[in-house]
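Predicted model, so just to flag it, every value in this text is computed and none were measured. Proteins come first, then strands; the chains are lettered A, B, ... in the order of their sequence lines, and each starts at number 1.
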Number of protein chains: 2
Amino acid sequence: MSAIAATLKPRKAPIQERSATTVATLHAAAIQVLIKDGLDRCTTTRVAERAGMSVGSLYQYYPNRDALLAAVLEKHLDAVADAVERACHDLEGMPLASLASGLVIGFLRVKLGDPEGSKALYGVAEGRGGGDLAAKMQARIVAAMSALLASAPDARFDDPVMTSAVAFSALAGPVRLLLKGEAPAGFQDDLQDQLIRLLTAYLQSYSVGRGTGR
Amino acid sequence: MSAIAATLKPRKAPIQERSATTVATLHAAAIQVLIKDGLDRCTTTRVAERAGMSVGSLYQYYPNRDALLAAVLEKHLDAVADAVERACHDLEGMPLASLASGLVIGFLRVKLGDPEGSKALYGVAEGRGGGDLAAKMQARIVAAMSALLASAPDARFDDPVMTSAVAFSALAGPVRLLLKGEAPAGFQDDLQDQLIRLLTAYLQSYSVGRGTGR
DNA sequence: TTCCAAAGTGAAGGATTCTTCAGATATGCT
DNA sequence: AGCATATCTGAAGAATCCTTCACTTTGGAA
């Protein structure tokens with residue numbers, strides 16, 4: 001837990017129901033402002049205004065702007081990690097090709113479900129503790145994928161953690177490209193097929209009966 | 001050219017030699033501040049101070065802070081694009097396996113040459129026109145790689161642009177992971193081998209004599 | 001050596017943003 | 001109804017930061 005972690009944690013937990021609503025509204029507003037005005041202009045006042053409340057309410061739950069943004073980011077990253085973990089669970093024991101397509105489909109669904117929100121959060125993940133949260137998500141996903149790979153009946157991975165980390169980040173790259181709008185025309189149309197092909201090919205290089213690949 | 005592009009361009013070009021030095025010093029200082037203090041605290045005054053000059057000098061060449069950061073980022077992205085283009089040129093006509101390792105090695109060399117600088121610039125690439133610059137670099141690289149793939153003797157790519165975009169961003173993902181320090185222990189040691197394996201497998205899925213793979 | 005343009009200086013105005021806190025309201029229990 | 005507590009409000013102080021510009025210094029051509 002880094003030194004700044006303490007100052008990034010929520011200030012107090014909602015007790016009554018209306019405060020839970022307030023926090024939820026705050027999160028939604030933060031994302032909306034992030035999308036419409038960008039990270040720089042995602043100010044504490046603007047978020048409160050968008051949420052239809054006063055700044056004071058915001059500071060009742062978060063000690064500062066970054067804590068709010070961190071909370072929003074964490075929620076998103078947790079959703080992603082949950083989705084991948086679930087996919088890993090469902091794919092247990094299946095052959096490589098199935099793992100690849102299942103993972104890609106699951107990942108794309110959760111990431112492309114709210115494209116604008118996903119895009120807006122990339123910026124948040126850059127600074128102020130976003131790295132720690134991203135690392136945490138990474139760790140969860142790598143752990144789940146490692147276990148999955150180890151259970152594959154038709155392959156043997158000498159370093160499942162390494163393979164998982166490379167595999168997942170290799171999927172994340174193109175998705176980021178798409179979300180950020182830096183991709184060529186028609187990128188989205190074939191993305192899923194291409195990622196499945198990519199992951200399948202990578203994983204199958206570890207197929208039994210194909211040598212260690214080295 | 002977006003609306004803000006004009007305000008992000010340098011203000012005036014260096015004429016005398018000492019001004020060229022000033023600009024170079026400014027760039028170096030910006031990167032140092034970026035590394036040591038982070039994007040938020042990479043302020044116009046701090047950069048000038050680090051560069052050993054007054055703020056006024058900075059504003060002589062850049063209309064605002066973002067223009068300076070954009071210039072620094074652009075230089076880095078151009079270097080990356082140059083490196084990949086050069087690699088593509090040198091690999092012309094070679095078999096798939098050679099292309100894969102050549103591209104990976106070239107990309108890693110330029111990106112990992114100055115790890116701290118590369119890392120610091122990720123944040124800059126997020127906001128203020130960084131996307132446009134990244135897109136430009138992407139376009140250059142995809143163009144070069146597409147031509148290279150089309151020239152491969154042992155494969156037939158039905159959509160070289162798509163394949164190149166996926167391939168490059170798939171390499172960029174793990175590299176970002178490493179640079180951001182969110183990777184598992186020992187990640188760096190095997191990264192090159194793993195990326196070569198990844199890219200080779202992906203490209204070879206288009207090998208002649210292996211079907212179109214759809 | 002003389003002189004003009006290039007380059008550099010840095011204090012200060014203008015504009016935001018963050019965050020606090022004393023007071024006003026709302027809620028739910030007795 | 002009455003009370004204790006949970007929430008909410010929003011003006012204002014404190015802290016930065018951005019950017020300008022009138023002035024000084026340096027470079028080099030005539």
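Atom CG in B/Asp40 sits roughly 19 Å away from atom P in C/dT16 (whole-Å rounding). Following rounding to the nearest Å, B/Leu68 (CG) and D/dC17 (P) show an atom-to-atom distance of 16 Å. Straight-line distance from the OH atom of B/Tyr59 to the P atom of D/dT20: 7 Å, rounded to whole Å. Counting to the nearest Å, the P atom of C/dT17 and the CG atom of A/Asp66 are 15 Å from each other. To the nearest angstrom, P of C/dC18 lies 10 Å from CZ of A/Arg128. Rounded to an integer number of Å, the gap from CZ of B/Arg65 to C1' of D/dT20 is 18 Å. If you measure from atom OH of B/Tyr62 to atom P of D/dC18, you get 16 Å, rounded to the nearest angstrom. Between B/Asp37 atom CG and D/dT16 atom C1' there is a gap of 14 Å when expressed in whole angstrom units.
Annotation: side-chain hydrogen bond (donor to acceptor under 3.5 Å, both in side chains) contacts involving residues 22-33 of chain A, sequence neighbours excluded, comprise A/His27-A/Tyr62, A/Gln32-A/Arg50. The ring pair (Phe, Tyr, Trp, His ring centres under 6.0 Å) pairs that include a residue from residues 99-140 of chain A are A/Phe107-A/Phe168, where partners are two or more places apart or lie in different chains.
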Given protein heavy atoms under 4.0 Å, the one-letter contact record of nucleotides 8-15 of chain C, with B base, S sugar-phosphate only and - none, is simply BBB-----
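When heavy atoms are screened at a 4.0 angstrom cut-off, B/Arg46 is found touching the sugar-phosphate backbone but no base atom. Base engagement by A/Thr44 is indicated by at least one non-hydrogen atom pair under 4.0 Å involving a base atom.
For the side chain to side chain contact (heavy atoms under 4.5 Å, CB included) test, residues two or more places apart in sequence or in another chain that qualify with B/Ala144 are B/Glu85, B/Cys88. Legend: residues meeting side chain to side chain donor-acceptor pair (under 3.5 Å) with B/Arg46, ordered by chain and number and at least two apart, are absent. Looking at residues two or more places apart in sequence or on another chain, you find no salt bridge (Lys or Arg N to Asp or Glu O under 4.0 Å) involving B/Asp37.
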Show, in sequence, the C-alpha distance, side-chain angles and deciding distance for B/Glu126 and A/Lys180, and conclude whether the salt bridge (Lys or Arg N to Asp or Glu O under 4.0 Å) test is met.
CA-CA 9 Å; B/Glu126 284 302 321; A/Lys180 284 285 207 150; 2.5 Å; yes
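Comparing A/Cys42 and B/Ala20 by the nucleotide of DNA chain C that holds the closest heavy atom to each, the one mapping nearer the 5' end is B/Ala20.
For the pair B/Arg197 and A/Tyr206, the cation-pi criterion (under 6.0 Å, within 45° of the ring axis) is fulfilled.
OP1 or OP2 of D/dT16 has not a single side-chain nitrogen or oxygen of B/Thr43 nearer than 4.0 Å.
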